[in-house]
Amino acid sequence: MSYNTRMTDAIRFYDRALSRLSRRDLMKAAWMLGIAAIAPPLFERRAWAKPIFDAYPFTLGVASGDPLPDGVVLWTRLAPKPLEGGGMPAANVEVDWEVARDASFRTIAQKGTAIARPELGHSVHVEVAGLEPGRDYWYRFHAGDEISQVGRTKTAPPAGANVDSLRFAVCGCSHYEVGYFTAFRRLAEEHFDFVFHSGDYIYENRENGGRNDALVRQHNGGEPYTLVDYRNRYALYKMDRDLKAAHASAPFVMAWDDHEVDNNYAGDVDENDTPAELFLLRRAAAYQAYYETMPLRASALPRGSDMRIYRRLQFGNLIDMSVLDTRQSRSDQACGDGSRTGCAEALDPKRTMLGAEQERWLFDNLATMKAKWTVLAQQVPTFAIDRKSWNPDGRFSMDKWDGYVPARQRLYARLQETKAPNPIVLSGDVHMHFGADLKMDFADPRSATVGVELTNTSVTSGSDGADVATDWNETKNDNPHIKYHSSRRGYIACTATQAAMRADFKILDKVTVPDLPIKTGGSLIVAAGRSGSHTD
Ligand SMILES: [Fe+2]
């Protein structure tokens with residue numbers, strides 16, 4: 001009898017015997033579970049309290065996220081066979097968790113028991129509350145006799161309190177096949193206060209369409225469509241030692257872009273114009289796997305093919321951060337997507353990037369910002385990138401805010417109108433570092449500057465890259481608002497103080513060679529109360 005069958009049979013047996021448990025019944029259940037002896041009630045809370053695993057269940061590591069002044073979300077997922085759907089029986093399983101004030105767990109701050117449920121792939125999301133603000137904590141999980149790795153996390157500073165300084169990273173775009181996740185390893189070594197992930201945590205597609213032995217690693221299987229397909233793809237990524245180290249080093253604030261579902265999808269429209277009702281089935285599977293994999297609060301639990309990930313996080317009087325979702329509710333890309341010149345559809349004010357509900361939520365919030373830095377943490381660049389020297393017929397990418405021009409103008413106008421303090425927009429997606437001043441009219445360098453955008457390059461996507469994009473020499477002249485650029489892989493390390501926001505653009509020489517050292521390719525500084533950025 002297999003482990004799974006044995007467990008399922010045991011649960012059925014339990015259901016029948018619940019009201020008349022005898023010692024003989026318990027012994028029979030014990031035999032089915034492969035447990036030699038049973039002590040107290042086996043199925044208290046109808047969950048398996050003392051599971052015995054065929055293989056180590058904490059293969060996907062641990063994570064924490066969305067710090068509040070009094071708590072964080074702790075995450076893990078039981079997966080003894082991570083690449084085969086997880087390998088857990090169809091039953092609830094108890095997972096104990098503990099949060100300590102020290103790395104060796106001498107002083108326990110909180111502990112409890114969560115239930116890993118088959119409906120959520122035996123993932124666990126613990127919303128710990130009652131912790132002290134602005135403090136380091138360490139956490140781990142136990143299931144049966146197994147113990148997880150230890151993660152370090154940090155709560156947010158007290159609401160409204162004076163905060164001198166915070167350090168955070170911005171990262172995203174890790175394609176498993178084209179490089180090693182060294183950027184995650186180096187990010188882990190910096191022990192940030194928090195990390196914003198701008199999306200493309202996995203890639204659904206195979207590099208070059210299939211197996212290619214020139215790639216440094218291979219994806220498991222083809223393009224995912226079902227929940228189990230997506231679980232297996234996430235598991236492959238989650239087993240990466242560098243990614244595990246990154247999550248264990250700091251709380252993550254997660255957002256998605258397109259590749260968590262399908263390249264360049266827009267709302268209910270996929271890359272291949274599949275009928276919307278069919279694509280939404282796939283989107284539901286992908287969103288569920290995303291929820292199961294990320295340290296997100298229950299407020300993000302998917303409902304069918306919808307999932308709310310836009311939210312607001314505050315860090316004392318220093319940072320007020322709105323996490324945005326530019327995929328789920330956007331209009332389809334204009335003029336058939338790709339790069340276009342003179343696309344009239346991109347100027348249609350009826351088209352939306354955030355959807356009406358999220359836009360209203362954000363615009364209302366912007367009127368209430370009081371912290372020193374207003375941070376909009378999102379996915380695709382809002383600033384214009386005019387690549388006319390590279391392709392006169394395709395100067396602007398229709399997948400970015402360049403394809404949603406009136407939506408961008410509404411956002412920038414709202415920033416001006418509300419005087420939200422010192423706007424900093426974060427983005428990723430384009431696999432290049434950029435630092436750019438945000439202009440009310442990008443065609444007019446003398447127009448007002450409404451904020452600064454920091455775009456993180458990829459962790460690996462695009463593989464090793466180059467110092468600069470091939471068309472950079474011309475592009476920089478056509479885009480004077482862009483103040484920094486690099487086409488290497490890495491992440492951004494940001495230091496926010498009451499006086500300035502400093503962005504150190506971290507880069508690696510190569511990602512096809514593991515474990516290289518990280519360098520600072522350049523730095524931008526935004527002085528509080530002044531418009532625009534300057535290089536260090
Ligand atoms: Fe990407």
Side-chain angles (χ1 to χ4, degrees), residues 169-184 187 195-209 215-217 219 223-224 230 233-234 236-238 240 242-243 246 252-266 270-271 283 286-287 289-290 293-294 309 323-328 330 333 337-339 353 377-383 385 387 397-403 425-434 453-466 469 485-492 505-508 511-512:
V170 189
C171 65
C173 293
S174 46
H175 197 306
Y176 187 83
E177 297 189 309
V178 300
Y180 296 101
F181 292 173
T182 315
F184 281 134
L187 179 157
V195 177
F196 171 63
H197 194 292
S198 61
D200 290 353
Y201 190 95
I202 56 163
Y203 280 77
E204 87 292 4
N205 50 14
R206 303 291 305 261
E207 185 72 9
N208 306 324
L215 298 171
V216 300
R217 306 187 285 191
H219 270 160
E223 193 155 326
Y230 281 106
R233 180 60 51 82
Y234 275 109
L236 178 74
Y237 280 63
K238 276 289 194 181
D240 180 90
D242 298 329
L243 178 55
F252 271 57
V253 175
M254 297 301 311
W256 59 36
D257 195 20
D258 52 334
H259 289 285
E260 285 84 354
V261 183
D262 183 49
N263 179 47
N264 279 20
Y265 85 91
D270 78 353
E271 195 178 21
R283 196 177 92 170
Y287 281 9
Y290 185 82
T293 310
M294 301 305 165
I309 64 160
V323 180
L324 306 181
D325 173 0
T326 56
R327 281 290 158 195
Q328 186 171 191
R330 65 154 80 183
Q333 287 91 350
D337 203 359
S339 292
M353 185 57 118
Q378 50 98 61
Q379 296 77 39
V380 292
T382 70
F383 64 93
I385 309 178
R387 303 184 82 175
S397 169
M398 294 295 102
D399 186 56
K400 323 306 172 210
W401 289 76
D402 269 339
V425 176
L426 306 178
S427 57
D429 177 58
V430 289
H431 310 164
M432 289 182 269
H433 276 316
F434 285 108
E453 184 154 336
L454 305 171
T455 304
N456 75 86
T457 188
S458 62
V459 168
T460 61
S461 304
S463 203
D464 288 335
H485 164 73
S486 163
S487 195
R488 292 286 178 205
R489 311 286 79 99
Y491 58 92
I492 310 176
F505 294 92
K506 302 291 182 119
I507 56 169
L508 292 158
V511 291
T512 51

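Worth knowing before you read on, the calculation uses all heavy atoms, side chains too, and leaves out hydrogens, waters and symmetry mates. Atoms within each ligand, like the ligands themselves, are counted from 1 in listed order.
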What's the SG-the Fe ion (ligand 1)-OD2 angle here (C173, D200), rounded to 10 degrees?
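Computed angle, vertex at the Fe ion (ligand 1), rounded to 10 degrees: 90°.
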Confirm or rule out an N/O/S atom of [X], from backbone or side chain, lying less than 2.8 Å from the Fe ion (ligand 1).
{"X": "D429", "answer": "no"}
{"X": "H259", "answer": "no"}
{"X": "H175", "answer": "no"}
{"X": "Y203", "answer": "yes"}

Give a yes/no verdict on a cation-pi contact between R217 and F181, requiring under 6.0 Å between NZ or CZ and the six-membered ring centre and an angle within 45° of the axis.
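Verdict for F181: a cation-pi partner in R217.
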Distance, nearest 0.5 Å, that separates NE2 of H259 from CG of D429
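H259 atom NE2 to D429 atom CG measures 7.5 Å (nearest 0.5 Å).
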For the atom pair CG (N264) and CZ (R327), what is the distance rounded to the nearest 0.5 Å?
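One gets 5.5 Å once the value is rounded to the nearest 0.5 Å.
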Does the ring center of H219 lie less than 6.0 Å from the ring center of Y237?
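Judged by ring-centre distance (under 6.0 Å), H219 and Y237 do meet the cut-off.
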Could you check whether E204 pairs with R233 (Lys NZ or Arg NE/NH1/NH2 to Asp/Glu carboxylate O, under 4.0 Å)?
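No, this pair does not count.
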